[in-house]
Amino acid sequence: MTRPRVLSGVQPTGSLHLGNWLGAIRNWVGLQASHDTFFCVVDLHAITVPHDPQRLAEDTLSTAALYLACGIDPDNSTVFVQSQISAHSELCWLLNCVTPLNWLERMIQFKEKAIKQGDNVSVGLLDYPVLMAADILLYDADLVPVGEDQKQHLELARDIAQQRINARFAPRDAKGEPLPLLKVPEPMILREGARVMSLTDGSSKMSKSDPNEGSRINLLDPPETIVKKIKRAKTDPILGLEFGNPERPEADNLLGLYALLSGKGRQAVAAECAQMGWGTFKPLLAEATVEALKPVQQKYQELRADPATLLAVLAQGRQRASAVADQSLSRVRQALGFLGT
Ligand code: ADP
Ligand code: TRP
């Protein structure tokens, strides 16, 4: 039996934070045993907003190293860099030509990011979800594990595959039945950790693009920084922590982080912290965070000390990924009627 295929990726923009880990990468790790897993560093997406060319390659390597440090095993998963597989850009173009402009204009992430960019919005930023659709569709992915913020992009990828490619271009068999062209993927969004909120505002998500460093905990933050950030995290004047009170988004968020990072689970920490003041709670959360990140940081340092091994992992990933991607691309090229190569 073939195992269901999983594909996901994170942009190499700045350092990965707890939201990326708990919302996305942590879920990838558990899927390796039961699924055929592909994980890419989506560096082409990273240039949809102004970027620093001096940092792109380094950030790409450090993101790949963090995947491995978080538990992605290159013997079990295909780990690769998006820009090293030219099929991503090429399928993106083919999909661009069948995707209605207004589907892209209504993407929430585009609208949010476009506001931040003022009048300097690139076509790439608008096109971002089509490139993401290409990433997914090239690998015939069954499942795409992402945080909740990416759900709309997943819907778009499904619509492009189904309505704009398969319905129009799938070749027919002798009986006139459509043959498979692109696999329509399913999103996979785990409830816990799907939305880690900012430390400075419990109602907005923790994000790399927040200019305030204190709003997020990066996976590579040293223990003193973690302690400091948690000490300064926004609280409220109420005694006792609880889940689910809409008036207390910070309590919900920090308690949720504690549940995940300590490994104790929501029920146990709800009971443990029901009467606890913030002054007692924060050091506990800080300790759980430092402990949870310690093995990740250690593994990361080892990997960075041995660049040849990391590059070999990416070279192997590139080879495996391009074998799959080139086949899908050629299927689509043929269905669209291009002259063969
Ligand atoms: P950012 O928003 O910080 O730039 P990305 O857009 O690169 O992060 O997201 C990479 C992955 O991490 C995606 O699957 C996304 O859904 C997940 N993710 C990002 N931020 C969070 C968050 N605050 N909570 C949960 N998951 C998140
Ligand atoms: N857009 C995703 C994010 O910001 C990153 C991404 C790009 C992705 N291509 C992908 C995620 C393909 C899953 C599958 O998080």
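Order of listing sets the numbers, starting from 1, for every ligand and every atom in it.
Close N/O approach between Glu148 and ligand 1 is not found [any backbone or side-chain N/O within under 3.5 Å]. Residue His153 places no N or O, backbone or side chain, under 3.5 Å from any N or O of ligand 2. In terms of polar-atom proximity, defined here as any N/O pair under 3.5 Å, Gln109 makes no such contact with ligand 2. Checked against a 3.5 angstrom limit, the closest N/O atoms of Met206 and ligand 1 fall inside it. Annotation: Gly19 places an N or O atom under 3.5 Å from an N or O atom of ligand 1; distance criterion only. For ligand 2, the polar-atom distance check finds an N/O of Tyr128 within less than 3.5 Å of one of the ligand's N/O atoms. Distances between N or O atoms of Gly147 and those of ligand 1 include at least one value under 3.5 Å.
Checked by atom type and distance alone, the side chain of Lys205 never pairs as donor or acceptor with a backbone atom of Arg195 at under 3.5 Å. Checking side-chain atoms of Arg5 against main-chain N and O of Tyr139 turns up a donor-acceptor pair under 3.5 Å.
Heavy atoms of His17 come nearer than 4.0 angstrom to ligand 1 in at least one pair.
With ligand atoms numbered from 1 in the order given, ligand 1 contributes 25 (C), 26 (N) to contacts under 4.0 Å with heavy atoms of Gly23. Contact atoms of ligand 1 toward Ala24: 11 (C), 12 (O), 14 (O) (distance under 4.0 Å to a heavy atom of the residue). When each atom of ligand 1 is checked for a heavy atom of Gln150 under 4.0 Å away, the hits are 16 (O). Each of the atoms 2 (O), 19 (C), 20 (N), 23 (N) of ligand 1 lies under 4.0 Å from some heavy atom of Lys205. Residue contact check: Asp149 has heavy atoms under 4.0 Å from atoms 15 (C), 16 (O) of ligand 1. The ligand atoms of ligand 1 that sit less than 4.0 angstrom from a heavy atom of Val10 are 7 (O), 10 (C), 11 (C).
No part of Val10 comes within 4.0 Å of ligand 2, judged by heavy-atom distances. Contacts between Asp149 and ligand 2 below 4.0 angstrom, taking non-hydrogen atoms only, are absent altogether.
Of all protein heavy atoms, the one closest to atom 2 (C) of ligand 2 is Gln150 OE1, 3.3 Å.
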